[in-house]
Amino acid sequence: MSTYPTIPLSEYREYPIEEMRRRVNEFYVDINRRRTVREFSDRPVPRDIIETALKAASTAPSGANLQPWHFAVVSGPETKKKIRVAAEAEEREFYTHRASEEWLAALAPLGTNDQKPFLENAPYLIAVFLQKFGELPDGRKVKHYYPAESTGLATGILITALHRAGLATLTHTPSPMKFLNEILGRPKSERPFLLLVVGYPADDARVPDIKRKSLEEIASFIDT
Ligand code: IYR
């Protein structure tokens with residue numbers, strides 16, 4: 001028997017089946033409108049909306065509930081500029097040397113290149129860091145379990161929360177992105193996971209005409 005203190009599951013809610021259908025469908029219709037955006041407006045976004053989305057992200061399940069993530073929220077122009085300069089330098093290398101022909105061909109439909117103006121235009125950049133270790137108040141290290149899975153789950157909830165608030169995001173992964181530790185003053189034990197660009201889309205923003213895989217392609221049901 002676990003001696004860990006427990007509380008009743010009082011927040012759980014069950015819905016009648018029809019209500020379940022309605023709710024899951026409503027959610028699907030809403031999340032299906034989410035598109036990754038690469039052209040952002042510089043219109044400001046109230047910080048409390050970002051804060052609440054981060055609180056939503058931090059409800060994600062995590063290995064041994066160790067919550068192995070850190071979100072560095074950047075709104076200042078000087079820091080954004082530093083990030084843009086460093087990211088574009090890495091991207092130049094990526095597009096001219098590091099990426100394989102196969103990788104560049106896979107990216108071609110997205111029309112991406114080494115220019116990242118959104119790193120300065122968008123009101124917020126959220127650098128997501130994965131913590132391989134935590135630190136106790138006395139300085140001792142605590143190993144984290146499944147940090148990548150956990151941070152991925154938290155980031156998914158963050159993107160969903162921001163979408164529901166009516167904001168657009170871009171999951172940006174300049175590679176390598178160790179420069180984020182330096183610029184944002186994060187410890188070496190944290191691995192930059194991705195850089196989330198957040199804001200309103202530009203008025204004339206366009207997105208590639210991509211398709212999502214069908215249910216048959218993404219899922220199999222084993223009833224035996
Ligand atoms: N990091 C580069 C390249 C890139 C890679 C993938 I995988 C994408 O889905 C999109 C872009 C860039 O941001 O341009």
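Counting convention: from 1, in listed order, for ligands and their atoms alike.
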Mind checking ring pair (Phe, Tyr, Trp, His ring centres under 6.0 Å) for Phe118 and listing every partner two or more places apart, or none if nothing turns up? His172
Provide the full list of ring-ring contact (aromatic ring centres under 6.0 Å, His included) pairs with a residue in residues 32-53, sequence neighbours left out, each pair given once. none
Looking at Glu51 and Lys55, is there a salt bridge between them, counting it only when a charged N and a carboxylate O are closer than 4.0 Å? no
Tell me, which residues have any heavy atom less than 4.0 Å from some atom of ligand 1? Arg38, Glu91, Phe94, Tyr95, Trp103, Leu107, Leu110, Thr112, Asn113, Lys116, His172, Thr173
Considering residues at least two apart in sequence or located in another chain, which fulfil the ring pair (Phe, Tyr, Trp, His ring centres under 6.0 Å) criterion with Phe94? Trp103
Taking atom CZ of Arg47 as the centre, does the number of heavy atoms from other residues, nucleotides or ligands within less than 6.0 Å exceed 12? no
Glu90/Arg98 ion pair, N-O < 4.0 Å: yes
